[in-house]
Amino acid sequence: MSVDRVDRVEEDAAVTAVAATASVPYYPVAPGVRLNVRSGPGTTYPIVKILPEGSRVAIYCQTPGTRVTGPYGTSSIWDSIASGEYVADAYVRTGSDGYIRPRCSS
């Protein structure tokens, strides 16, 4: 494979990654909430970071997990906001009580 071909493949991959990210909508976290981000879809998973008040999150996929009650109701839906990072959907204003994004693959 030529150097020009390798550069072009890398450029195409970068453009695809940016386009995929651009199409993922962001949703606000409930006002006044510092939200725990966990390593899996449940309250028994370790906290990997805490989002500050006023955060907005991109939801890439959703999966069932621990049932949680928050400002937007009670739900067992967990939102994947990055690889290995999940937040309880009950704390994110999605405008729906159900799934709004594809189910996460195992």
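Remember, it's a predicted structure, so these values are computed and weren't measured experimentally.
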| Are Glu85 and Arg38 within salt-bridge range, i.e. N to O under 4.0 Å? | no
| message | Once side chain to side chain contact (heavy atoms under 4.5 Å, CB included) is applied, do any residues pair with Ser80, and if so which ones, sequence neighbours excluded? | response | Cys61, Tyr86, Cys104
| request: Please report the closest heavy-atom contact between Tyr72 and Asp97, naming both atoms and the distance. | output: O-OD1, 4.3 Å
| note | To the nearest 0.5 Å, atom CZ of Arg34 lies from atom NZ of Lys49 at 13.5 Å
| Same cluster or not: are Val48 and Leu51 linked, directly or through other Ile, Leu, Val, Met, Phe, Trp or Tyr residues, by side-chain heavy atoms under 4.5 angstrom apart? | yes
| note | Given the options Val92, Thr94, Asp79, Ile100 meets side-chain contact (heavy atoms from CB on, under 4.5 Å) only with Thr94
| remark: To the nearest 0.5 Å, atom CD1 of Ile50 lies from atom CG of Asn36 at 5.0 Å
| said: Could you work out, with side chain to side chain contact (heavy atoms under 4.5 Å, CB included) as the rule, every residue matching Thr74, not counting sequence neighbours? | reply: Arg67, Thr69
| Which atom names give the shortest non-hydrogen contact between Ser96 and Asp89, and what distance separates them? | O-OD2, 4.4 Å
| field | Cluster link Tyr45 to Val37, ILVMFWY, side chain under 4.5 Å | value | no
| said: Given 3.5 Å as the limit, does a donor-acceptor pair link the side chain of Ser75 with the main chain of Ala90, or not? | reply: no
| How is the hydrophobic cluster of Ile77 composed, in terms of its other members, when Ile, Leu, Val, Met, Phe, Trp and Tyr link through side-chain heavy atoms under 4.5 Å apart, directly or indirectly? | Tyr99
| said: Applying a strict under-4.5 Å side-chain criterion to I, L, V, M, F, W and Y, I'd like to know whether Leu35 and Tyr60 cluster together. | reply: no
| Shortest non-hydrogen separation from Ile59 to Tyr27 and the atoms involved | CD1-CD1, 3.5 Å
| message | Does any part of the side chain of Arg101, heavy atoms only, come nearer than 4.5 Å to the side chain of Pro25, both counted from C-beta? | response | yes
| message | Hydrophobic clusters here meaning ILVMFWY residues chained together by side-chain heavy-atom distances under 4.5 Å, can you tell me if Val29 and Tyr26 are in one? | response | no
| request: Could you tell me the separation between the OG atom of Ser55 and the CD atom of Glu53, rounded to the nearest 0.5 Å? | output: 9.0 Å
| Between Trp78 and Gln62, is there a donor-acceptor pair closer than 3.5 Å when you use the side chain of the first and the backbone of the second? | no
